[in-house]
Amino acid sequence: MLRLAVTEPGTPEIFRSIQGEGRSAGEVRTFVRLSGCNLHCTWCDTPYTWNWHGTKWPHEKDRPGAPHKFDPDAETIEMSVEEVAEAVEALPAPGVVLTGGEPLIQEAALAALIARLKRDNPALLIEVETNGTIAPSAALGEAVDLFMVSPKLAHAGDRPALALRPAPLAAFAALDSTWFKFVVREPGDLDEIAALAERFGIPCERIMVMPEGTDGATLRTRESLLRGPAEAAGYAWSDRLHIHLYGDTRGT
Ligand code: SF4
């Protein structure tokens, strides 16, 4: 079984759209958003996958007396691998993006889903978006065409010992199918990326930098501040097209 996020209670967040960020930005993809995460980033744009009522995690959208919390019963749905595969195949696209939350928490079911999808369509491109804290199995490493790994910088507010794990990051760095996507807010973040790349052996030529933001104005402001220095450092740039096209909405 897989635990998925929902667009509304009872409706799994499986949708077809334009990939808005990373190496396949602009391409048509079918998305599957899995629920659950082992990190708790303060600016997370999908807190409805993990920031449950009764937990202590702070979030930037917390307000006095109204923390930005969610009901896991209303926000998740359990589906079999076959049910998810059939929902994906009903929305055909050249590739599928398996995202979250943190998809690798459910690695065994994730691998089964990929095998099921490839069985019917061997040419289907498989992309996995992950925070890089869980190393993929050898089988998953072979089955996935693109890992977009997003290690978290200090501004995400996670404990470094949880967010930056040497063995998983080294495992991803060793896979040619991996690109690293760092979320940035200010110029000092680029220095942090350079230090992490050196520390964990992350190849500079497979680093993308993407502004943090859930509205177009914030993304453009950070782009004007950071794209030039990122380019000078040799990093690729990623926008967030889906935010410009659809805003900060689920299922897009
Ligand atoms: S790793 Fe991703 S899904 Fe998890 S809390 Fe951070 S931004 Fe959200």
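If you're wondering where the values come from, they're calculated on a predicted model, not measured in any experiment. Counting convention: from 1, in listed order, for ligands and their atoms alike.
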Exercise. Between the side chains of W43 and H155, does any donor sit under 3.5 Å from an acceptor?
Worked result: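 A pair is found: one side chain offers a donor N or O, the other an acceptor, under 3.5 Å apart.
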Exercise. Do we see a donor-acceptor contact under 3.5 Å between the side chains of T133 and E102?
Worked result: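 No pair is found: no donor N or O on one side chain lies under 3.5 Å from an acceptor on the other.
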For this session: Assess C37: does it contribute an N, O or S atom lying under 2.8 Å from atom 4 (Fe) of ligand 1?
Result: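 Within the cut-off used here (under 2.8 Å), C37 does place an N, O or S atom near atom 4 (Fe) of ligand 1.
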In plain terms, say whether [X] and [Y] are close enough for a salt bridge, that is, a side-chain N and a carboxylate O under 4.0 Å apart.
| X | Y | result |
| --- | --- | --- |
| R240 | D45 | yes |
| E89 | R116 | yes |
| R222 | E212 | yes |
| R220 | D239 | yes |

For this session: Using heavy-atom distances, let me know which of K152, E212, E102, R33 sits nearest atom 2 (Fe) of ligand 1.
Result: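 Selected option, by shortest heavy-atom distance: K152.
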For this session: Kindly give the heavy-atom pair with the smallest separation between L113 and V81, and that separation in Å.
Result: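 Closest approach of L113 to V81: CA-CG1, 3.6 Å.
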For this session: Would you mind checking which non-hydrogen protein atom is closest to atom 8 (Fe) of ligand 1, with the distance to 0.1 Å?
Result: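 The protein heavy atom lying closest is C44 SG, 2.3 Å.
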Exercise. Which residue owns the protein heavy atom closest to atom 6 (Fe) of ligand 1, what's the atom, and how far is it?
Worked result: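 Nearest protein contact, heavy atoms only, for atom 6 (Fe) of ligand 1 is C41 SG, 2.3 Å.
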Exercise. Between T46 and ligand 1, which residue portion shows a heavy-atom distance shorter than 4.0 Å: side chain, backbone, both, or neither?
Worked result: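 The answer is the side chain of T46.
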For this session: Could you list which atoms of ligand 1 come closer than 4.0 Å to a heavy atom of N131?
Result: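 It comes down to these atoms of ligand 1: 1 (S).
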Problem set entry | Proximal ligand 1 atoms for G101, defined as those under 4.0 Å from one of its heavy atoms |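 Once the distances to G101 are compared, the set is 3 (S).
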Exercise. Any N/O/S atom of H40 sitting less than 2.8 Å from atom 8 (Fe) of ligand 1, backbone or side chain?
Worked result: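 Coordinating: no.
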Exercise. Hey, does L39 sit under 4.0 Å from ligand 1 if you only count heavy atoms?
Worked result: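 Contact check L39 vs ligand 1: positive.
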